[in-house]
Amino acid sequence: MNVMQSGWFSEVNDYLWPGVALSLEVEKVLHHECSKYQDILVIKTKSHGKALILDNVIQCTEKDEYAYHEMISYLPLCSHPNPKDVLIIGGGDGGAAREVAKHPDVERVTLVDIDNRVIEICKDYLPRLSLGLNNPKVSIHACDGLQYLKDHHGKFDVIITDSCDPVGPAEHLFEQPYYELLKAALKPGGIIASQAGTVWESIEQVKNTFELCKNTFPVAAYAVTAVPTYPTGQIGFVMGSLDDKTNFTEPIRIFSDDDLDEMEMKYYNDKIHRAAFVLPRFVEMKLSSNKKN
Ligand code: SPM
């Protein structure tokens, strides 16, 4: 099936989510190119504002991106006692950088994305997302995340992996050596959070990524958020902490409603933080089982 048909974009992927596809009616194609790493498409949709699509997979739409970016940022940030230095691997659209930079304790945000074209195109076409890239706390490096981690041991309080799915350029970000590098790049007591798939169409990916995290960190957890334009409307994050006393399910930094208003937060609060770790029974059983598949 052609992903662009009769004015609709369809997110068809026989490998990642066979037999199911979300479609968005297209008002205009704003940009399309093949970078050195991937196919990059920006469209204006009729219902969800602008959308960034990499290798035919929806990365974010203006209508619901905050449900992903606030959660991938504030679940780890509010689980850390003093998150000063934050590294984002991926996230070239700037959405996670925008959110992380709002946290009053964060002093430096380092963003490492392998594809400079994603960064440039998002600056040109998606200003509501990419405004994070212009924040003075944020420094940007267009290079390989694995190499960056190898060169920066013990430097970060929080590392967020805001990646694509585990095919193409992001495949290595779902493997054990990457998790070892994450661990080595953290300061004592450091915390990681990584995009880890959805329980409805990729429970094996969730299980595998959770296992990597559990094998690497003394404390590991899986949390979910609702994003209507991801397959099945749901996506999750694995989280790991070097501090064996971390309890991810109870935020240690709680922002008041006034704080959240001032920070222009639309999704995250302490209640949804706690709720994100409450999982359906089949997921709890899958993640606690010793069986490989
Ligand atoms: N800054 C936004 C980048 C988004 N990164 C995650 C994209 C995931 C898209 N596919 C979801 C499929 C879940 N299995």
Side-chain angles (χ1 to χ4, degrees), residues 3 9-22 24 37-42 48-75 86-101 109 111-115 118-119 121-123 125-133 138 140 145 160-171 173-174 193-210 222-238 267 283:
V3 295
F9 167 82
S10 288
E11 193 190 42
V12 177
N13 194 308
D14 291 336
Y15 176 65
L16 289 167
W17 37 86
V20 58
L22 180 106
L24 294 168
Y37 299 100
Q38 56 209 332
D39 183 278
I40 307 172
L41 174 66
V42 183
H48 281 67
K50 295 180 202 164
L52 172 68
I53 297 160
L54 300 179
D55 284 340
N56 291 330
V57 176
I58 297 168
Q59 298 302 307
C60 35
T61 77
E62 287 182 319
K63 185 165 179 177
D64 59 10
E65 53 83 13
Y66 58 86
Y68 175 87
H69 290 123
E70 289 186 19
M71 291 296 269
I72 199 172
S73 304
Y74 281 81
L75 291 175
V86 180
L87 172 64
I88 300 168
I89 305 272
D93 51 75
R98 178 195 66 202
E99 294 307 323
V100 171
V109 186
L111 184 140
V112 175
D113 194 301
I114 197 163
D115 196 342
V118 171
I119 296 168
I121 290 167
C122 291
K123 280 184 176 170
Y125 292 98
L126 293 158
R128 270 154 57 185
L129 274 156
S130 60
L131 63 88
L133 302 173
V138 178
I140 302 170
I160 294 168
T161 305
D162 178 15
S163 72
C164 300
D165 296 315
V167 279
E171 208 171 343
L173 309 184
F174 294 81
S194 301
Q195 192 269 101
T198 160
V199 297
W200 292 110
E201 43 71 18
S202 55
I203 186 104
E204 295 308 330
Q205 181 202 335
V206 173
K207 168 83 175 164
N208 293 342
T209 318
F210 181 66
Y222 174 74
V224 293
T225 186
V227 183
T229 53
Y230 287 156
T232 75
Q234 187 253 18
I235 196 162
F237 314 106
V238 292
Y267 196 90
V283 182

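In this chain, residues are counted from 1 in sequence order. Atoms within each ligand, like the ligands themselves, are counted from 1 in listed order.
- Counting atoms of ligand 1 from 1 in the listed order, those under 4.0 Å from a heavy atom of Ser202 are 14 (N).
- Atom SG of Cys122 sits about 4.5 Å away from atom CG of Leu52, to the nearest 0.5 Å.
- In terms of heavy-atom proximity, Gly92 sits nearest to Val118 at C-CG1, 4.1 Å.
- In this structure the side chain of Thr161 never reaches within 4.5 angstrom of the side chain of Gln195, judged on heavy atoms.
- At a 4.0 Å heavy-atom cut-off, ligand 1 does not touch Ala96 at all.
- At the shortest separation from atom 6 (C) of ligand 1 among protein heavy atoms lies Ser163 O, 3.1 Å.
- Shortest contact from atom 10 (N) of ligand 1 to any protein heavy atom: Asp165 OD2, 2.7 Å.
- The Thr198 neighbourhood of ligand 1 comprises atoms 13 (C), 14 (N), with distances under 4.0 Å to a heavy atom of that residue.
- No hydrogens or angles considered: a donor-acceptor pair under 3.5 Å links the side chains of Asp162 and Tyr68.
- The closest protein non-hydrogen atom to atom 14 (N) of ligand 1 is Glu201 OE2, 3.2 Å.
- Among protein heavy atoms, atom 7 (C) of ligand 1 sits closest to Gln59 OE1, 3.3 Å.
- Here the rule is side-chain contact (heavy atoms from CB on, under 4.5 Å) with Thr232, and of Val20, Thr198, Val227, Leu22 only Thr198 fits it.
- Between the OG atom in Ser163 and the CD1 atom in Ile72 there is a gap of 7.5 Å [rounded to 0.5 Å].
- Within ligand 1, counting atoms from 1 as listed, the ones closer than 4.0 Å to a heavy atom of Val57 are 9 (C), 10 (N).
- Checked by atom type, the side-chain pair Asp115/Gln38 shows a donor-acceptor distance below 3.5 Å.
- Atom NE2 in His69 sits 10.0 Å away from atom CG in Asp64 (nearest 0.5 Å).
- Shown in contact with Ile58 at under 4.0 Å from a heavy atom are these atoms of ligand 1, numbered in order with element: 9 (C).
- Ligand 1 places these atoms under 4.0 Å from at least one heavy atom of Trp17: 12 (C).
- Not a single heavy atom of Gly95 sits less than 4.0 Å from an atom of ligand 1.
- Neither the backbone nor the side chain of Glu65 comes within 4.0 Å of ligand 1, counting heavy atoms alone.
- Looking only at distances, no side-chain donor or acceptor of Glu11 sits under 3.5 Å from a matching main-chain atom of Phe9.
- By the 3.5 Å distance cut-off applied to N or O atoms, Tyr68 is counted among the residues near ligand 1.
- The shortest N or O to N or O distance between Glu11 and ligand 1 is not under 3.5 Å.
- Residues Cys60 and Leu129 come closest through the heavy atom pair SG-CD1, 3.8 Å.
- Taking every heavy atom of Gly197 and a limit of under 4.0 angstrom, the matching atoms of ligand 1 come to 14 (N).
- For atom 3 (C) of ligand 1, the closest heavy atom belonging to the protein is Asp162 OD1, 3.2 Å.
- Taking any N or O of His69, backbone or side chain, at least one lies under 3.5 Å from an N or O belonging to ligand 1.
- No side-chain heavy atom of Asn56 sits under 4.5 Å from any side-chain heavy atom of Asn13.
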